[in-house]
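Each remark here refers to the structure printed beneath this line.
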Amino acid sequence: MTSIHIKNGFVVDPGQGIHGDKKDIFIENGKIVKSLTHAEKTIDASGMVVMAGGVDIHSHVAGAKVNVGRNFRPEDKMQSTYEPYHGIRHMAGGTSVPTVFKTAYAYADMGYTTVIEAAMPPLYARHTHEEMRDTPILDEAALPMFGNNWFILDYLKRGEIENAAAYAAWLLRATKGYGIKCVNPGGTEAWAWGLNCLSIDDPVPYFDITPKQIVSGLMEVNESLHLPHSLHLHSNNLGNPGNYTTTLDTLKLSEGIKPNNNFNREQVLHHTHIQFHSYGGTTWADFESKGKEVMDYINNNPTVTCDIGFVTLDETTTMTGDGPFEYHLNKLNHLKWANTDVELECGSGIVPYVYSKDVYVCGVQWSIGLEMALLAKDHMRCHLTTDHPNAGPFWRYPRVMKWLMSEKARNDVLASMKNEDKVRDRSTLGSIDRELTLYEIAQMTRAGPAKALGLSSSIGSLTPGMQADVAVYPYNPETESDPEKIEWAFSHAKYLIKSGEIILNDGELVSNGNKKTYWVDVTTKPNRQVERDIDRTFVKYYTVTKNNYEVTEHEFMKNPCAVKIDAVQ
């Protein structure tokens, strides 16, 4: 299909400032165009919403920890019926950790076309890319982890930003990564010594460096390399009562740092799953929301973006590069626990979890995410995620949209909670009557994430010249009043077009698409010291050689799309 006419839909596109006007969209040769003289396919979108394809800025959908999660929890596969192959659909299954095919189909049903794997251990980059290669439909990218990497800790400890940048450029090229991810900076390395870093000033054993130095140094590295995305940070002290002070201390490190890139990115720091980092109280007994305090800071500091990590009140499988947190979580719920240390680079853990609405802490966590999104003043900088699968599976995004768009839907959940009064008392959600618009939802799920990723020139909007990723939802904003229809419609896209190819036609999957994988190819000045350091360290410490480690495009990637950057100047 080379030309498509989508006519008479309610177009919602923050990229062009369109708030639901009835408009036609034209597609030719994979791009949005201004008009067509003849269309090979016409889609009547009357009474339906038309948006750009969704962009998920933070999810865990491929790689070692995801695969361990599948093996670790066979019961997860039993919670939903395996879907047999049908037509072009492959067999698909899993619930909180779905197979790669179910991942692609579920995202497509929600109208999403781009997903970022937010935590790639460099040593497992090949595995991560193999899973992404086998995931149809979705354009993807992966963020390698740097926050506990021995090279980075050593260079930043000595204030060698240029060497740290040269190493980061090499690692991004070797692993075919898209940006710099930092999880519990220094804390996961400290965990190898039985410790953790709960504040930005706690020292990392042996390396004699602090999280403050790591985060500040990585932001400098990120800007010196002119990367399309800002530093993608999961800060210290995740999930603990009172951690909002650590979060504010961390966010303030971005002050005074200027963005330096050619990708229309205006921020220097993206704080992920901010809900898990906005807790007050001193223990679980006096646990409360500090979402307002954290969102007030973000509202007033345009150099920061965030995604929320909404709790969906489901049983799920938590998995994170924050190994010490997973140990802590296991001590709370006494369920299964897996942990690992990835040599010289990072670590991770996996623990099942049930977010029960009958447990007041879970109810407050649910409230905090919604409270923060409703208090946000700029939804281009506040994005919808569940930190899949940590706070809930990604296929609950439409349910989160319902809660954000309907005060009645939120109050219905609050009224069904065993500890309703306590939950209402520990957050401000019950006093907020704001209901987000479709335009703000589009900012949170398309235009905003695309801009934060430095991809706003090609995805996240329906502007002529953009990649033709288009979703059509069976939802009429002029006549619908039932909040349940919001969740249903955004779970069942009527049409999905990806790079100009129809993926969903009248709700039926008709193509597995032609996905691509983004990575950044940064050129830096030759650095013989870093080259010698890499060669010597691989021989001395790694269990594999440099040749076993690197990801090659032709072997591991589907339609690689290199974003080339000259950082020599």
Measure across [X] and [Y] and return the closest heavy-atom pair with its distance rounded to 0.1 Å.
X: Asn8; Y: Asp24; answer: N-OD1, 2.7 Å
X: Met444; Y: Leu436; answer: SD-CD1, 3.8 Å
X: Ala39; Y: Ile4; answer: CB-C, 4.4 Å

With a 6.0 Å cut-off on ring centres, are [X] and [Y] close enough?
X: Tyr112; Y: Phe394; value: no
X: His5; Y: Phe26; value: yes
X: Tyr279; Y: Phe287; value: yes
X: His232; Y: His270; value: yes
X: His271; Y: His234; value: no

Judged by atom type as modelled, is there a donor-acceptor pair below 3.5 Å linking the side chain of [X] to the main-chain atoms of [Y]?
X: Thr247; Y: His277; value: yes
X: Asp307; Y: His383; value: no
X: Asn419; Y: Asp358; value: yes
X: Asp21; Y: Lys23; value: no
X: Glu288; Y: Gly280; value: no
X: Ser427; Y: Arg424; value: no

Side-chain ion pair, [X] and [Y], N-O less than 4.0 Å:
X: Asp76; Y: Arg70; result: no
X: Arg265; Y: Glu223; result: yes
X: Glu266; Y: Lys258; result: no
X: Lys252; Y: Glu255; result: no
X: Asp139; Y: Lys515; result: no
X: Arg381; Y: Asp378; result: yes

key: Arg89 to Tyr105 six-membered ring, cation-pi geometry met (6.0 Å, 45°)   =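 Yes, Arg89 sits over the ring of Tyr105.
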Option among Met51, Glu478, His19 that satisfies the side chain to side chain contact (heavy atoms under 4.5 Å, CB included) test with Phe10 =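 Testing each of Met51, Glu478, His19 against Phe10, the sole residue satisfying side chain to side chain contact (heavy atoms under 4.5 Å, CB included) is Glu478.
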request  = Give a yes or no on this: more than 12 heavy atoms of other residues, nucleotides or ligands lie within 6.0 Å of atom NZ of Lys292.
outcome  =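 Result for NZ/Lys292: open.
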message = How about NZ on Lys357, more than 12 heavy atoms from neighbouring residues, nucleotides or ligands closer than 6.0 Å, or not?
response =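 Atom NZ in Lys357 is not crowded, with 12 or fewer foreign heavy atoms closer than 6.0 Å.
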message = Walk me through whether Met557 and His129 qualify under side chain to side chain contact (heavy atoms under 4.5 Å, CB included).
response = CA-CA 6 Å; Met557 304 175 76; His129 279 284; 3.9 Å; yes
task = Could you walk me through whether Thr272 and His58 pass side chain to side chain donor-acceptor pair (under 3.5 Å), step by step?
result = CA-CA 7 Å; Thr272 190; His58 185 102; 2.8 Å; yes
key: ring-ring contact (aromatic ring centres under 6.0 Å, His included) partners for Trp395, two or more places apart   =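 Once residues adjacent in sequence are excluded, Trp395 has no partner under the ring-ring contact (aromatic ring centres under 6.0 Å, His included) criterion.
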